[in-house]
Amino acid sequence: MTKNPKKRGKFITLEGMDGAGKSTHIPNIIAALKARGLEVVSTREPGGTRLGEQLRALLLHDAMHAETETLLMFAARREHIANLIEPALKRGAYVLSDRFTDATYAYQCGAKGVPSHKIKQLEKWVQGKLQPDLTLLFDVPVEISIQRLTVAREPDKFEREDAKFFEKLRQAYLMRAKEDPARFRIIDANQALDKVKVIVKNIISTI
Ligand code: TYD
C-alpha cells in the first residue's frame, strides 16, 4: 500500500436531448468545481481522445446500422475510459463528461430500437464497475428542443430526426432517471436560463 493514497475523484455526466441546453452550463460547472480547488477534466462523448474524436466525426455524419453505431460508441468509450477518465479519477480529478452511456440507452436503444440487453452487455464489458457518480439530465418538452435546434447551427445527423424520434428519446432518458434516482438529477431546462444556472450550481455543490 502506498502512503497517502489519493482520494478517487468524481465522475459527473451531462445528458439530455439535443437542444436541451446542457452544453451552456459546462463553463459554470467547471468554474464552480475549480473554485473548490479541484482538478477538473472536461470531456465529451463520443470523443474525448484522438481516436474517439475521429470516431465522432464518422458517428455524427455517416449513415450506418444502429448496431454499428452502438459498437462504435462503445469503442470510443473504451478508449476514453482507458486513456482519460480512469487515470483522471485515479489521481483525484473531477471528470465532467458531456454525455456518456445513458445517451446510448436513449438514442440507440430508446429511439433507434437496439435491444437494451445488447447495450447492457457492452456496458459491462467496457465499463466494468465504472458508473457516473452524478448525472444531470436536462429535460425539455420536444417542441422546445426542436425550436431551439432550428435557430442553432447546421444540424448533425441526430439533430435532423423528427419529433417522434425526439419523443422516444425524451421518454428513454426519463426512464433511465427513474431506474436510478440516486445517481440522476432531472433539471427542468424549460425555464429562464438564470434559474437553471442556480439549480445546476446547487446540485454541483453537493458532490
Ligand atoms: P452533442 O452532445 O449534442 O454535441 P453538440 O452539442 O456538439 O452537438 O452531440 C453528440 C450526438 O451524439 C448527439 O446527437 C447524441 C449522439 N450520441 C448517441 O447517439 N449515442 C451516444 O452514446 C452518445 C454519447 C452520443
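All values reported here derive from a predicted model rather than from experimental measurement. Both ligands and their constituent atoms are indexed starting at 1 by order of listing.
- The K22 neighbourhood of ligand 1 comprises atoms 2 (O), with distances under 4.0 Å to a heavy atom of that residue.
- Contact check on K157 versus E69 returns a salt bridge, with a Lys/Arg side-chain nitrogen under 4.0 Å from an Asp/Glu carboxylate oxygen.
- Contacts between L59 and ligand 1 below 4.0 angstrom, taking non-hydrogen atoms only, are absent altogether.
- Annotation: the span from R148 atom CZ to E143 atom CD amounts to 11.5 Å, rounded to 0.5 Å.
- Atoms of ligand 1 found under 4.0 Å from any heavy atom of A103, numbered from 1 in the order shown, are 20 (N), 21 (C), 22 (O), 23 (C), 24 (C).
- Under a 4.5 Å side-chain heavy-atom cut-off, the cluster of Ile, Leu, Val, Met, Phe, Trp and Tyr residues that includes W125 is completed by F11, V41, L71, F74, I81, L84, I85, L89, V95, F100, Y105, V114, I119, L122, V126, L130.
- For ligand 1, the atoms closer than 4.0 angstrom to any heavy atom of L60 are 11 (C), 12 (O).
- The closest protein non-hydrogen atom to atom 15 (C) of ligand 1 is Y107 CZ, 3.3 Å.
- Under a 4.0 Å criterion applied to the non-hydrogen atoms of E159, ligand 1 contributes the atoms 8 (O).
- For CE of M175, the number of neighbouring non-hydrogen atoms (other residues, nucleotides, ligands) closer than 6.0 Å is 12 at most.
- Closest to atom 6 (O) of ligand 1, if we only count protein heavy atoms, is S23 OG, 3.9 Å.
- Between E86 and R8, at least one side-chain N (NZ, or NE/NH1/NH2) sits under 4.0 Å from a carboxylate O, which counts as a salt bridge.
- Of all the heavy atoms of R77, the ones lying under 4.0 Å from any atom of ligand 1 belong exclusively to the side chain.
- For R36, the CZ atom sits in a packed shell: over 12 heavy atoms of surrounding residues, nucleotides or ligands are nearer than 6.0 Å.
- A side-chain N or O of T104 and one of R77 form a donor-acceptor pair less than 3.5 Å apart.
- Both the backbone and the side chain of E45 come within 4.0 Å of ligand 1, counting heavy atoms alone.
- Comment: R183 does not engage D133 in a salt bridge, judged by the lack of any side-chain N to carboxylate O separation of less than 4.0 angstrom.
- Each of L137, D139, T101 was checked for a side-chain contact (heavy atoms from CB on, under 4.5 Å) with E15, and the lone residue meeting it is L137.
- Heavy atoms of A106 found under 4.0 angstrom from ligand 1: none, in either backbone or side chain.
- Closest to atom 21 (C) of ligand 1 among all protein heavy atoms lies M73 SD, 3.3 Å.
- Of the protein's non-hydrogen atoms, the one nearest atom 2 (O) of ligand 1 is R99 NE, 2.7 Å.
- I30 belongs to a hydrophobic cluster whose other members, connected by ILVMFWY side-chain contacts under 4.5 Å either directly or through intermediates, are I12, L14, I26, I29, L33, L38, V40, Y94, L96, L134, L136, F138, I187, V196, I199, V200, I203, I204, I207.
- Ion pairing of E53 with R44 is present here, as a side-chain N (NZ or NE/NH1/NH2) and a carboxylate O approach within less than 4.0 Å.
- Listed by number with element, the atoms of ligand 1 under 4.0 angstrom from any heavy atom of Q108 are 18 (C), 19 (O), 20 (N), 21 (C), 22 (O).
- The T104 neighbourhood of ligand 1 comprises atoms 21 (C), 22 (O), with distances under 4.0 Å to a heavy atom of that residue.
- For atom 7 (O) of ligand 1, the candidate residues are M17, R56, E69, R44; the nearest heavy-atom contact is made by R56.
- For ligand 1, the atoms closer than 4.0 angstrom to any heavy atom of P46 are 12 (O), 23 (C), 24 (C), 25 (C).
- For D18, every heavy-atom contact with ligand 1 shorter than 4.0 Å involves the side chain, none the backbone.
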